[in-house]
Every structure is written in structure tokens, then in C-alpha cells.
Amino acid sequence: MKEVNHFRRVTLWWLVVSIPATLIVVLVLAPGMPPGNGTNQAAGQVIDNTVLFGIATPVTVAVLVVFTYSLITFRERTPQVAAEGPALRGHAGIQLWWIVVTTGLVLFLAAYGSIRMLEDGAGGGQGPNPIAPIKAPPGQRTLRVQVVAQQWQFTYRFPQYGGVEVPNIELPAHSTIQFNVTSLDVIHSWWAYQLGVKADANPGVNNVAYVQTRGPLTFDVHCAELCGVWHGYMFGVGHVVSKARFAAWIAAKQKQFAPSLKKLGPYSKTYFPQPLRRGG
């Protein structure tokens with residue numbers, strides 16, 4: 001009786017299952033995943049997730065096919081205890097392919113991740129000296145927004161508009177935004193979900209993150225770092241609006257908060273907590 005080529009069978013089943021599964025994941029499921037397409041950075045994260053899922057799917061299918069095939073083909077079919085099979089000493093061909101495939105995947109992911117980070121900038125915050133800052137298109141200035149975290153709320157300061165500080169945030173559409181994230185007391189984390197930004201807020205540190213907004217959008221803001229008993233209530237919403245609406249909004253806020261600007265300290269990229277604040 002001709003010996004069955006199990007490797008060929010497994011490879012055939014892997015191809016039959018992994019090709020349609022990968023196409024479904026890449027073309028149907030992955031493009032609709034969060035955080036969406038509200039900014040260039042968020043859309044880039046969706047692309048990155050699509051690439052990762054596209055690579056992970058055939059690998060996952062391979063593991064499941066080998067497991068299922070082995071479970072069905074090599075199971076013991078008699079109630080008696082079978083004799084122990086021959087010892088396996090390895091297979092040079094399989095070992096070679098294993099090393100080639102896994103090494104290739106790791107090197108590809110390392111190169112892809114590095115290139116994407118340098119292209120797309122610092123969506124997650126890269127500290128005061130980002131390795132990949134985003135430059136605004138010619139003729140467009142970068143809007144700087146300072147995110148000031150404290151127990152238990154976020155406030156937003158606009159140094160290019162007289163240092164006005166507001167309790168909620170609006171951003172202009174189709175603009176390059178530089179977030180400068182810091183804290184007045186303990187460690188927080190500013191997570192603007194639909195913008196694709198998540199940056200730690202540390203006292204005495206200016207953590208820089210960039211986004212390039214697209215059309216009008218409402219985005220959720222959460223603190224993503226356990227910061228005290230009311231951490232769960234440290235959330236809010238923000239809006240990306242047209243440039244004209246943003247100009248009207250910031251002008252109204254400058255007028256509304258003009259009296260309080262006299263009591264605010266001069267604008268600074270970093271703040272240090274007072275002794276009583278250090279204990280939370």
C-alpha cells in the first residue's frame with residue numbers, strides 16, 4: 001500500500017482554507033475595525049491592523065489545520081493501548097522551512113513597523129523630542145494644543161490664541177495638530193479614541209503627539225491610566241469642525257475666559273505638582 005503523503009495533504013488543506021479566510025479578513029473585516037478614519041493617523045492604524053491580520057490569518061489557519069488533521073488522522077482507533085511509536089529525530093526540510101518562514105515574518109514586521117512609524121509620526125506620543133514629527137503642508141501652520149491632565153479632568157490650552165484654557169476641545173478639520181500632553185499631579189493618559197492618539201500625561205514632561213484631521217468628527221476622550229478613585233469619571237467628548245466654525249469657537253472662548261487669563265500662569269510646556277498634589 002502506498003504511503004500517504006501527510007505533508008502534501010496538510011499543505012493542500014491549508015491552501016484551501018487560508019486563501020478565502022485571508023481574503024475575508026483583509027477585504028471585509030479588517031477595514032471596518034477601530035479606530036476608524038477620523039484622522040490620517042487613525043486610518044494608518046487601520047491599515048497596520050489589516051496588514052497584521054493578513055499575516056496572522058494564514059499562520060493561525062496553519063496551526064488549526066495541523067491540529068485538526070493530526071487529531072483525525074493519527075488518533076487511536078482501537079480500545080487497546082497501542083505500542084509506543086518510533087522515536088522522531090527531526091526532519092531537515094521542515095526545520096529549514098520553519099526557520100526561513102519565521103525569520104522572514106519577523107524581519108518583514110520589524111521593517112514594516114519602522115517604516116510606518118517614520119512615515120506616520122507620533123500618534124501615541126514620543127516625548128518632548130519626537131523621532132518622527134509631522135510637518136504641516138506648505139502654507140498651513142501646525143496648531144498646537146496643550147492637553148493638561150489633573151485629577152480628575154482634562155483641560156486644553158491654546159498657546160497660539162493667547163494661552164486661553166478651556167474645559168472642552170474643538171479642532172479644525174483638514175489641519176495638522178500637535179498635542180503637548182502633560183499633567184499637574186499624577187500620571188494620566190490622554191486617549192482620544194477616534195483620533196488614533198493615546199499619550200501618557202506625566203508631571204514635568206511634555207509628551208508630543210501629532211494628528212492630521214480630516215472631516216467633521218465627534219471623538220471620545222478617556223483617561224487610560226489608573227489615576228485615583230474618580231479615574232472612571234475622567235472622560236469627555238471632542239469635536240472636529242470646519243475651520244470657520246473653529247475660528248468662531250476659539251474667538252468666543254477667548255472672550256468668555258478673558259477674565260480668568262489674568263489669573264493663569266504664563267504658558268509652559270511642563271508643570272510640576274505642588275507638594276499637596278503629589279499625594280493625589
Side-chain angles (χ1 to χ4, degrees), residues 39 41 122-130 133-134 141-172 175-211 213 218-241 246 249-280:
T39 66
Q41 285 62 42
Q126 291 186 347
N129 298 302
I134 296 175
R141 70 170 182 170
T142 299
L143 173 65
R144 286 185 291 143
V145 181
Q146 185 177 52
V147 180
V148 184
Q150 57 188 302
Q151 294 173 314
W152 283 276
Q153 65 178 339
F154 292 107
T155 55
Y156 306 92
R157 201 166 188 184
F158 292 80
Q160 291 154 301
Y161 293 91
V164 62
E165 186 172 324
V166 297
N168 49 21
I169 182 172
E170 289 197 9
L171 301 170
S175 301
T176 301
I177 315 295
Q178 178 188 11
F179 293 110
N180 296 270
V181 185
T182 189
S183 171
L184 292 181
D185 40 44
V186 299
I187 296 175
H188 303 270
S189 183
W190 190 67
W191 183 21
Y193 181 74
Q194 288 83 357
L195 297 185
V197 177
K198 186 171 179 287
D200 288 341
N202 300 312
V205 175
N206 176 37
N207 199 9
V208 179
Y210 293 90
V211 296
T213 57
T218 297
F219 57 92
D220 299 310
V221 173
H222 297 272
C223 179
E225 186 76 32
L226 184 60
C227 59
V229 293
W230 297 111
H231 161 74
Y233 289 90
M234 196 170 172
F235 62 88
V237 295
H239 304 278
V240 177
V241 297
F246 172 79
W249 175 83
I250 195 66
K253 293 301 179 182
Q254 284 180 291
K255 183 177 180 180
Q256 177 184 354
F257 291 101
S260 64
L261 285 176
K262 301 175 183 178
K263 298 181 181 180
L264 280 177
Y267 174 76
S268 173
K269 289 186 177 180
T270 60
Y271 303 98
F272 292 91
Q274 298 296 324
L276 292 179
R277 280 185 173 270
R278 288 196 178 99

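Hydrogens, waters and symmetry mates are skipped; everything else that's a heavy atom, side chains included, is used. Since we're looking at a predicted model, the values are computed, not measured.
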Within a strict 4.5 Å, meaning less than it, do heavy atoms of the H188 and Q151 side chains meet?
yes
Aromatic ring pairing F246/Y161, orientation class (parallel under 30°, perpendicular over 60°, tilted between)
perpendicular
Least distance between heavy atoms, I187 atom then C227 atom:
O-CB, 3.7 Å
Indicate yes or no for a side-chain donor-acceptor contact from T182 to the backbone of T270 under 3.5 Å, with no hydrogens or angles considered.
no
Of all the heavy-atom pairs spanning A209 and V197, show the shortest one and how long it is.
CB-CG1, 3.9 Å
Are side-chain heavy atoms of I250 and V166 found at a separation under 4.5 Å?
no
Rounded to the nearest 0.5 Å, what's the gap from CD on Q153 to CE on M234? Could you check?
7.5 Å
Can you tell me how far the CG atom of N202 sits from the CD atom of E225, to the nearest 0.5 Å?
8.0 Å
One should read off an interatomic distance between W249 CH2 and Q256 CD, to the nearest 0.5 angstrom, of 10.0 Å
Nearest-0.5 Å distance, CG of residue N206 to OG of residue S183
12.5 Å
Do V221 and F154 have side-chain heavy atoms sitting under 4.5 Å apart?
yes
Taking side chain as C-beta onward, heavy atoms only, is F219 less than 4.5 Å from L171?
yes
Here the pair of heavy atoms bringing C223 nearest to H231 is O-CE1, 2.9 Å
Y267 side chain reached by R157 side chain, heavy atoms, under 4.5 Å
yes
Taking all non-hydrogen atoms of both residues, which atom of T213 and which atom of T39 are closest, and how far apart?
CA-CG2, 4.1 Å
Any idea which heavy atoms bring W152 and G228 closest together, and the distance?
NE1-CA, 3.7 Å
Whether D220 side chain and Y193 backbone form a donor-acceptor pair below 3.5 Å
no
Just wondering, do F257 and E165 contact through their side chains at under 4.5 Å, heavy atoms?
no
Y156 and W190 aromatic ring geometry - parallel, tilted or perpendicular at 30°/60° bounds
perpendicular
Within the structure provided, determine whether I177 and Y210 are in side-chain contact (heavy-atom separation under 4.5 Å).
no
List the atom of Q160, the atom of T142, and the distance in Å for their closest heavy-atom pair.
NE2-O, 2.9 Å
Would you check if V208 and Q178 make a side-chain contact, meaning some heavy-atom pair closer than 4.5 Å?
yes
Taking atom CZ of F158 and atom CD of Q146, what is their separation to the nearest 0.5 Å?
11.0 Å
